[in-house]
Amino acid sequence: MADDNKPLNFIQQTISSDLEAGVVDKVVTRFPPEPNGYLHIGHAKSICVNFGLAQQYGGDCHLRFDDTNPEKEEDEYVHAIIEDVKWLGFQWSGEVRYASDYFGQLYEWAQYLISEGKAYACELNAEQMREYRGTLTEPGKDSPYRERPVEENLALLEQMKNGEIDEGKMTLRAKIDMASPNVSLRDPVMYRVKKAAHHRTGDAWNIYPAYDFAHGQEDAIEGVTHSICTLEFASNRPLYNWFIENLPVPSTPHQYEFGRLNLNYSVTSKRKLRQLVDEGHVDGWNDPRMPTISGLRRRGVPAVAIRNFCDSLAVAKTDGMVDMSQLEHFIRDELNKHAPRAMTVLRPLKVVITNLPEDHLEQLTVPRHPDLDMGERTLPFTREIYIDVEDFKEEYSKKFKKKLAPGKRIRLRNGYVIEADDYVKDDAGAVVQVNASLIPDTLGQDPADEIKPKGVVHWVSAQHSVDCEIHLYDRLFNDPLPDAGDKNFLDAINPSSLQVLTGCKAEASLAEAETGNPYQFEREGYFCKDSKNSTSDKLVFNQTIALRSVWTDADA
Ligand code: ATP
Ligand code: MG
């Protein structure tokens, strides 16, 4: 949602003046995904812009599937996109709409253009059509089929529709101007023959409308006032307007273009994302490393962090490259404020507190969050606990003065001070157990002998913790521009972008963790329960993000 203190961007300026001048009474925008893949972070920007404008100006935003290409589209994508838009926190007005709902109307308008002498059936094949089109510097030349009589064009269109013409043999083209300096206006294709079943219209059609012939007319049917797309469509705008001006459409929409969101260390092309999925480089579209909305959700990124990130971006007339650390900043900011704290030991080392009785059980009451309004939780404290292997050193040194070492003390987070006495090693020489003593009366206070611990470590009760598996993630690519120039983006995949830790120990309360509710595991980062791999007897947590970035780019 727009921040009242921010200057208006160029689209908001246009809308404000259109409303003021009475050019429109109510703003209507739309988000028009093609159901040929899952939504990614770039789409999130478009969603926030379109739904955000409707909210800001008290208008409507439609969700319309741009399902004009039967070959690549599937219902799976439709469902996933609907879920993602809702999860991001937006509600479209009216029903979900589909370009395919308008196939009948578009066909009638094609007949109308033919009867006005403004469209014709053309038998140039794809290669000839390219030849005839000319180049940016040379005009094209007229198709030999350009002057067919109206009746013949109408009959041929019908034959195309009925499947009597083979694919690639004929197209319907608008008759505009083969010499136009704008290549889009050189008799663009309106319909192609495609004998493919459509996910909604089945076998009803053997022709499908081109984007340019469909999009503006769909906007007009729906009463869309401001049709916002990305910059690569700027040169199609005159064509968008030509169809609107030459057809008896019920309203006059206008197209505006803004810069795509490109995120470094990432790719935002559905084709490339699909390749990552199809070739098994990731665990599906919702792999937590994917820049898809569903991947970010599975990773534990809150929707509000994505919205705040999108709102922080300029809506400008140039494409921009945004630093991944900017997205990460909004994720950390949101999680730090709202994620409850918990303790999980990723690489457990047993500590036996030998001066406590075997059956010692003390329920410590500790805050859920530094913001005390979030309440308290209980933490069972017992004779045997786990701390992280990294928090114990066989020998004390200045470098590790905040760690536990023989004869040295540390404070257990939210608990007592302990001092290590000795330790046990396995045959391979790894420390497998530390024996320690509890320093009495140190809950919330310093030791009476004034020998204060230097460090605080996280821990869990051995008996009352739950086993879990932890997936640590890093950026999927280790090149800031994985698909720039002629690079193969697959070469830039970060081989250590996923690290699976098993046998981790989570505090007992995390057995009740719910997917979608993030936690801060103290000293380790932000985590959430994985929706895909967790089962009734297996708990898996995804790392959403580390507490601090280890990357050295623009991070603060
Ligand atoms: P891709 O290039 O990934 O296939 P697309 O543009 O073909 O994306 P659509 O499903 O057609 O994908 O996109 C739906 C809407 O989202 C369009 O209005 C498009 O302009 C917008 N959009 C897509 N990618 C971005 C992006 N990176 N930044 C901003 N808007 C985007
Ligand atoms: Mg598209």
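Order of appearance sets the numbers: ligands from 1, and atoms from 1 within every ligand.
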For this session: Check whether more than 12 heavy atoms from other residues, nucleotides or ligands sit under 6.0 Å from atom NZ of Lys317, and answer yes or no.
Result: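 Not more than 12 within 6.0 Å, no.
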
Between [X] and [Y], how do the two ring planes meet: parallel, tilted or perpendicular, split at 30° and 60°?
X      : Y      : value
Phe31  : His43  : perpendicular
Phe65  : Tyr98  : parallel
Tyr256 : His254 : tilted
Phe243 : Phe213 : perpendicular

Indicate yes or no: does an N/O atom of [X] lie under 3.5 Å from an N/O atom of ligand 1?
X      : result
Asn36  : no
Gly259 : no
Asn262 : no

Exercise. Which one of Lys45, Arg271, Lys272, Arg260 has a non-hydrogen atom at the shortest distance from atom 6 (O) of ligand 1?
Worked result: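 Ranked by closest heavy atom to atom 6 (O) of ligand 1, first place is Arg260.
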
Exercise. For atom 29 (C) of ligand 1, which candidate among Pro291, Pro35, Gly42, Gly37 holds the nearest heavy atom?
Worked result: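 Looking at heavy atoms only, the winner is Gly42.
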
Using a 4.0 Å cutoff against the non-hydrogen atoms of [X], which atoms of ligand 1 qualify?
X      : value
Glu34  : 9 (P), 10 (O), 11 (O)
His43  : 8 (O), 9 (P), 10 (O), 12 (O), 13 (O), 14 (C), 16 (O), 22 (N), 23 (C)
Thr268 : 3 (O)
Ser269 : 3 (O)

For this session: Keeping to residues at least two apart or across chains, list the side chain to side chain donor-acceptor pair (under 3.5 Å) pairs with something in residues 175-193.
Result: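 As it turns out, the side chain to side chain donor-acceptor pair (under 3.5 Å) pairs with a partner in residues 175-193, which skip direct neighbours, are Tyr120-Asp187, Arg146-Asp187, Glu147-Lys175, Asn182-Ser184.
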
For this session: Please work out whether any backbone atom (N, CA, C, O) or any side-chain heavy atom from C-beta onward of Phe233 is under 4.0 Å from ligand 1, and answer side chain, backbone, both or neither.
Result: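 Under 4.0 Å from ligand 1, Phe233 contributes no heavy atoms.
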
Please report, to 0.1 Å, the donor-acceptor pairs under 3.5 Å made by any side chain of residues 81-88, with sequence neighbours excluded.
| unit_1 | atom_1 | unit_2 | atom_2 | d |
| --- | --- | --- | --- | --- |
| Asp84 | OD1 | Arg297 | NH1 | 3.0 |
| Asp84 | OD1 | Arg297 | NH2 | 3.0 |

